[in-house]
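These notes concern the structure reproduced below.
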2 protein chains.
Amino acid sequence: MAPPTKAPERGRRAKRPTGDEREQLIRETLESLLESKSFHEISIDDLAKGAGISRPTFYFYFESKEAVLLSLLDTIVSQADAASDAAQAALDQNPARFLRDALTAYFHYFGAHRAVSVAGTEAGAGNPKVRTLWNQVRERWVAAATAGIEAERARGAAPEGLPARDLAIALINMNEGVLFSAFAGEQPAIAEDHVVDVLIDIWLKAIYGGNPPEPAQT
Amino acid sequence: MAPPTKAPERGRRAKRPTGDEREQLIRETLESLLESKSFHEISIDDLAKGAGISRPTFYFYFESKEAVLLSLLDTIVSQADAASDAAQAALDQNPARFLRDALTAYFHYFGAHRAVSVAGTEAGAGNPKVRTLWNQVRERWVAAATAGIEAERARGAAPEGLPARDLAIALINMNEGVLFSAFAGEQPAIAEDHVVDVLIDIWLKAIYGGNPPEPAQT
DNA sequence: GACAAACTCGACACTGTGTTGATAATATGG
DNA sequence: CCATATTATCAACACAGTGTCGAGTTTGTC
């Protein structure tokens with residue numbers, strides 16, 4: 001938001017890293033510590049040390065460690081959303097294909113930062129702000145899925161049945177639980193190379209019943 | 001395990017509550033505090049105060065607040081499992097009916113202690129012991145569902161398709177996410193009076209495709 | 001080269017945890 | 001009915017982490 005501090009002058013080494021560099025360093029420290037410890041085992045002092053600053057200085061940049069996590073999650077969510085939006089625009093007429101692309105995008109971006117994702121669900125349990133972020137993300141996905149289901153019903157490709165929003169909520173919850181349990185690597189979980197296929201199969205059966213959707217017109 | 005302390009003699013009021021009563025009192029204190037605060041906002045001192053003892057004395061009974069929660073969860077899980085087992089024995093030939101009864105049982109028992117259930121998922125995120133308990137519970141459900149799906153396929157009622165265990169894992173994850181988000185009462189969530197119906201519909205479509213199962217023989 | 005803004009941290013007060021060691025209540029069995 | 005083992009209790013301590021205050025130091029700007 002605020003205009004970033006100017007980059008250091010050419011040829012003259014800055015005495016101190018700029019504020020933005022520090023902020024980024026804190027984020028990176030958290031992400032890298034999360035590879036080896038769980039979120040609540042990481043103290044603010046760990047983050048400060050990792051970024052080469054003292055604990056009070058940490059508070060100059062973030063108000064809590066949850067805020068750092070939130071900022072990491074924000075980045076991942078917007079990357080995944082962007083990829084999914086791109087798929088949607090291109091493939092509006094082939095729902096099954098779109099589903100696969102969108103799911104693959106989420107799998108890819110959250111999987112690439114699995115430690116952060118898993119920490120997000122951990123912190124979301126206890127912290128209202130993190131929980132609110134997750135709920136907003138879920139709500140966006142649910143809304144998109146609901147709209148998709150209603151559109152397919154309207155064009156006659158999918159049968160009527162459960163309220164579209166209820167169905168969407170259930171399926172989104174399934175995705176979340178399945179993906180994150182796969183990322184967390186504890187049993188029971190679906191092997192990562194099947195996950196997307198399993199989810200898609202269930203989405204299609206739940207939405208279309210026995211009749212797989214035809215592409216609208218090729 | 002250890003034989004319980006004798007009940008106080010008739011007519012003679014015990015100076016102190018017995019150990020077992022205290023233990024139970026601690027459990028009740030946690031459950032009642034969970035109605036109004038989240039698990040991590042509750043301190044060991046709160047539990048001790050609630051049970052009328054000092055903090056060190058708390059450690060005589062439990063080694064941590066997670067242990068208290070674990071003990072509450074154990075109770076709920078075994079109640080729900082018992083109810084579900086009872087349904088299974090009686091209704092082996094009518095799978096859809098069994099599914100409804102089992103799900104209703106879980107909905108009922110976990111819903112009756114929703115604060116504890118929600119705290120369980122919260123604590124499970126951060127605490128290995130709690131997480132292990134959940135995973136064992138999930139594993140048991142997944143195994144049961146896998147066996148059920150395979151049985152239905154063997155008798156020709158359900159079509160082949162996804163590996164039965166993968167399908168089971170996905171559906172169990174869905175149940176968990178959907179039920180607990182309904183209990184937690186935050187959006188997006190399915191209204192409590194639809195939850196079981198929505199879940200059953202998806203289970204049936206995912207397992208049987210377009211062809212709803214017939215009872216074996218009436 | 002002085003002034004404001006951005007940034008930094010030592011030192012403090014506070015909250016919660018887990019342990020130790022001394023003490024009190026109760027049960028048991030000679 | 002009293003010795004003695006067991007069970008139960010807690011004051012006091014050492015510690016780890018949090019969040020804030022106020023006094024300092026850079027750094028950009030005019």
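Predicted, not measured: the structure shown is a model, and the values here were computed from it. Below, chain A is the first sequence line, B the second, and so on; all start at residue 1.
- Atom-to-atom, NZ of B:K37 to P of C:dG16 comes out at 9 Å; the value is rounded to the nearest Å.
- Taking 4.0 Å as the cut-off between side-chain N and carboxylate O, A:R138 and B:E186 do not count as a salt-bridged pair.
- Remark: A:F39 engages no residue in a ring pair (Phe, Tyr, Trp, His ring centres under 6.0 Å) (not counting sequence neighbours).
- What separates OH of A:Y61 from C1' of D:dG19 is a distance of 18 Å, to the nearest Å.
- One interatomic measurement links the two molecules: CG of A:L25 to P of C:dC7, which rounds to 15 Å at whole-angstrom precision.
- Checked against ring pair (Phe, Tyr, Trp, His ring centres under 6.0 Å), B:F183 has the following partners two or more places apart in sequence or in another chain: B:F107, B:F180.
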Solution key, residues 50-58 of chain A side-chain donor-acceptor pairs under 3.5 Å, sequence neighbours excluded:
| from | atom 1 | to | atom 2 | distance (Å) |
| --- | --- | --- | --- | --- |
| A:S54 | OG | A:T57 | OG1 | 3.2 |

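- Taking B:D166 as the reference, A:H194 meet the side chain to side chain donor-acceptor pair (under 3.5 Å) condition, with sequence neighbours excluded.
- Atom pair A:E21:CD and D:dT27:P shows a separation of 12 Å (rounding to whole Å applied).
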Distance-only criterion, 3.5 Å: show the donor-acceptor pairs between side-chain atoms of residues 68-75 of chain B and protein atoms not counting sequence neighbours.
| from | atom 1 | to | atom 2 | distance (Å) |
| --- | --- | --- | --- | --- |
| B:S71 | OG | B:R27 | NH1 | 3.0 |
| B:T75 | OG1 | B:S71 | O | 3.1 |

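- Note: CZ (B:F60) to P (C:dT20) measures 16 Å, nearest angstrom.
- When the P atom of C:dT17 is taken as reference, atom NE2 of B:H40 falls 11 Å away, rounded to whole Å.
- Contacts with DNA chain D (heavy atom under 4.0 Å) in residues 42-59 of chain B: B:I53, B:S54, B:P56, B:T57, listed by number.
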